[in-house]
Amino acid sequence: MTRLGLLAAGFRRHRLRLILTASSILVAMILFSYLVAIKKAFEMGVDVAGRDRLVVRHRVSIIQMLPASYEQRIEQLDGVLDATPVSWFGAIYQDPKNFFGQFPVKPEEYLAMYPEFILPPEQKAAWLRTRTGAVVGRQIADKYHWKIGDRIPLQATIWRPKGSGNTWTFDLVGIYDGKEKETDNTQFLFREDYFQENRLFGEGLIGWYMMKIRDPNKAADAVKAVDALFVNSPAETKTETEGAFAQSFADQMGNIGAIVTAILSAVFVTILLVAGNTMAQAVRERTQELGVLKALGFKNGEVLALVLGESMLMTLVAGGLGLGLGYLMVSQGDPTGGFLPIFFFPPEDLVLGAVLVLLLGLAAGALPAIAAMRLRTVDALRRGG
Amino acid sequence: MTQSNETLVRVRGVEKQFNRGAEAVHVLRGLDLDLQRGEFLALMGPSGSGKSTLLNLMGGLDRPTQGSVEVAGQRIDQLGDGALARWRARHVGLIFQFYNLLPVLSAAKNIELPLLLAPLSRSQRKSQVATALSLVGLDHRASHLPRQLSGGEQQRVGIARAIVTDPTLILADEPTGDLDRKTGDGILDLMQALNRQHGKTIVMVTHDPHAASRASRILHMVDGQLSTEMAA
């Protein structure tokens, strides 16, 4: 037997209680894994936003359209490299649950705007050749088992096509990959000219503009210049950086960061109380045994280390297992079916999780361990006997 | 008997006082005692006479309010907590009335416990545990948990744990108090053998004159003082 063996022997005492406590820690860490992934998913648009990219939208709301003529006028402004139109298409693929963003865009301009979207040159050429061509992100292609050459029907919910029915049919000509892990590769992109000509109404209107500026440090000037250009027009604009745009989009659902932090705090305080209570009970029940150890020659510090070690071992094993399981479960991808296109366990949060588990073990074991350390040997022996 | 003339334990002017609320309780009152190496001493007396307290002081489990306790030439009442704990590990073997075995450890592992504090290899520990188990006649019960052992067997495990470090002094607090006469006799035989054949110095607290009769010397305590001394 070793001292570690002595420490582990403590776990054989109340197996059911141990399993229940360890399970609560394990479930808490799985919950932690999902919450940090969700938090990251909402922050991601903000984090990956290009510093040189700005969004120009209608001042009233994103659902109000802007005239197509704005593109040229924006591009004429000093310091603006390009402006390109984007719209929300909002169609359904087979089932309303199959959610992914679809955007009519100008292929060359959009790909230049988003260099992090990697599309092979021959696929790009095919897109430019094919009026009904569409390009999708790898994640979406994999999810729906699409391959190049497939014809993809989408049911319109806003933009009905000309002619009978409300089905738009696209030819899949390309699949793009993200340059970084954080790149959104769930977009469905098709040609803006096809969109303009084939929709039943709204010709000449677009959703918003993405705009690239030469100097990111002059973003504030660019914002002012664009909005000043359209002031007092029927469609005034609100220009903001892509990061701010993503943040305000996330904020529509509330302060996700604060909500997640509040839930995590509540979970950890609860688990701390559960684990702390378990350890305190374990020490109370073993007062006499701890007295025996002291009588045999174990020092106060060694008894403290034994109780604290037990708490640490329990939380580290259960918490580590929970983190590992959480990591695997989160790695399966977005559980919402498309609402969180960027969904992964951020490595820095894995470290945070490990630190939290460590702190949980320390905090849960600290008071019982100190109580055990302070036990007077003769009192402890008497109390049990 | 291997008793020598060397004084192993020297207790001088020991007083022990507890506070029970505002009231001070004097458990030991200026007590003197000498114990020779190889002696088997029985401490008798009514409940509350201070015999267990005296035993605790000799074993370094507690400190006197006043006076000195010297074991093998060392003033243990002057040692700090950590040093006293290590001193106990090296020099004292304790036998308890209710055995005080750890219920989750097998007999062998219970016996091995004090050896975890000694600088011994795993094989050395294993060998010493086997010797101790053999001495108490429980070789065949090594892997049994305490709940799988009878009271007498549990006390034998307790004795094996007390002797496994080859301590200077064995202290037993009512070692047969929880056992029937026959089983208790077996335990007393074993303790007597440890004293006579292996030269172990033993102090035993007991209420039972029959148990005390196995000792080489009997001391009676009343009100925190030694009253009479009898040769066994």
Side-chain angles (χ1 to χ4, degrees), chain A residues 1-19 278-279 281-307 309-311 313-314 369-385, chain B residues 16 18 27 52-53 55-57 59-63 80-106 108-118 120-122 125-126 129 145-146 158 161-162 164-165 167 171 173-174 177-178:
Chain A
M1 186 175 63
T2 59
R3 288 191 193 202
L4 191 65
L6 176 61
L7 194 149
F11 293 130
R12 291 204 285 269
R13 221 168 292 268
H14 284 283
R15 288 193 180 151
L16 179 64
R17 189 172 67 195
L18 171 74
I19 289 168
T278 301
M279 289 312 299
Q281 249 179 306
V283 168
R284 259 199 312 278
E285 289 166 2
R286 285 152 57 196
T287 301
Q288 187 189 29
E289 287 179 32
L290 295 170
V292 170
L293 289 180
K294 287 189 170 193
L296 293 179
F298 281 78
K299 293 180 182 175
N300 289 336
E302 288 167 331
V303 171
L304 175 127
L306 196 68
V307 175
E310 211 173 291
S311 165
L313 192 63
M314 177 181 70
I370 290 169
M373 181 185 77
R374 287 184 177 161
L375 275 175
R376 283 187 71 236
T377 311
V378 282
D379 292 341
L381 289 172
R382 203 178 296 134
R383 232 183 282 174
Chain B
K16 184 66 185 178
F18 295 111
V27 184
S52 289
T53 303
L55 197 77
N56 289 340
L57 294 182
L61 295 170
D62 205 354
R63 294 170 197 282
D81 283 348
L84 191 58
R86 278 297 180 268
W87 177 85
R88 280 199 302 273
R90 272 197 301 273
H91 296 286
V92 181
L94 293 164
I95 302 169
F96 303 96
Q97 179 178 0
F98 299 105
Y99 333 126
N100 283 357
L101 303 177
L102 268 61
V104 290
L105 299 182
S106 66
K109 284 181 177 170
N110 264 292
I111 296 167
E112 192 183 353
L113 263 182
L115 296 178
L116 293 179
L117 303 169
L120 297 172
S121 67
R122 187 185 285 249
R125 292 202 302 267
K126 207 172 166 187
V129 168
L145 292 172
R161 181 178 65 187
V164 73
T165 54
L171 303 175
D173 196 352
E174 301 275 7
D178 195 44

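Just the heavy atoms: all of them, side chains too, but no hydrogens, waters or symmetry mates, feed the values below. Given the structure is predicted, the values throughout are model-derived calculations rather than measurements. Residue numbers begin at 1 in each chain, while the letters A, B, ... track the order of the sequences.
B/Lys109 places no side-chain N or O within 3.5 Å of a backbone atom of B/Val104 that could act as its donor or acceptor partner. Under the 3.5 Å distance criterion, the side-chain polar atoms of B/Arg125 are matched with a main-chain donor or acceptor of A/Met1. Without hydrogens or angle criteria, B/Arg86 side chain to A/Gly297 main chain gives a donor-acceptor distance under 3.5 Å. The backbone N or O of A/Ala295 sits less than 3.5 Å from a side-chain atom of B/Arg88, completing a donor-acceptor pair. No donor-acceptor pair closer than 3.5 Å links the side chain of B/Asn100 to the backbone N or O of B/Phe96.
Using modelled atom types and a 3.5 Å distance limit, the side chains of A/His14 and A/Gln281 yield no donor-acceptor pair.
Of residues 4-13 of chain A, those residues lying under 4.5 Å from chain B by any heavy-atom pair are A/Leu6, A/Ala9, A/Arg12, A/Arg13.
Counting heavy-atom pairs closer than 4.5 Å to chain A, the top residue among B/Leu84, B/Val92, B/Asn56, B/Leu113 is B/Leu113. Counting heavy-atom pairs closer than 4.5 Å to chain A, the top residue among B/Leu116, B/Leu61, B/Leu117 is B/Leu117. Interface summary for chain B: among A/Arg3, A/Glu289, A/Arg286, the most heavy-atom pairs under 4.5 angstrom belong to A/Glu289.
Looking at B/Asp81 and A/Lys299, no side-chain N of the basic residue comes within less than 4.0 Å of a carboxylate O on the acidic one, giving no salt bridge.
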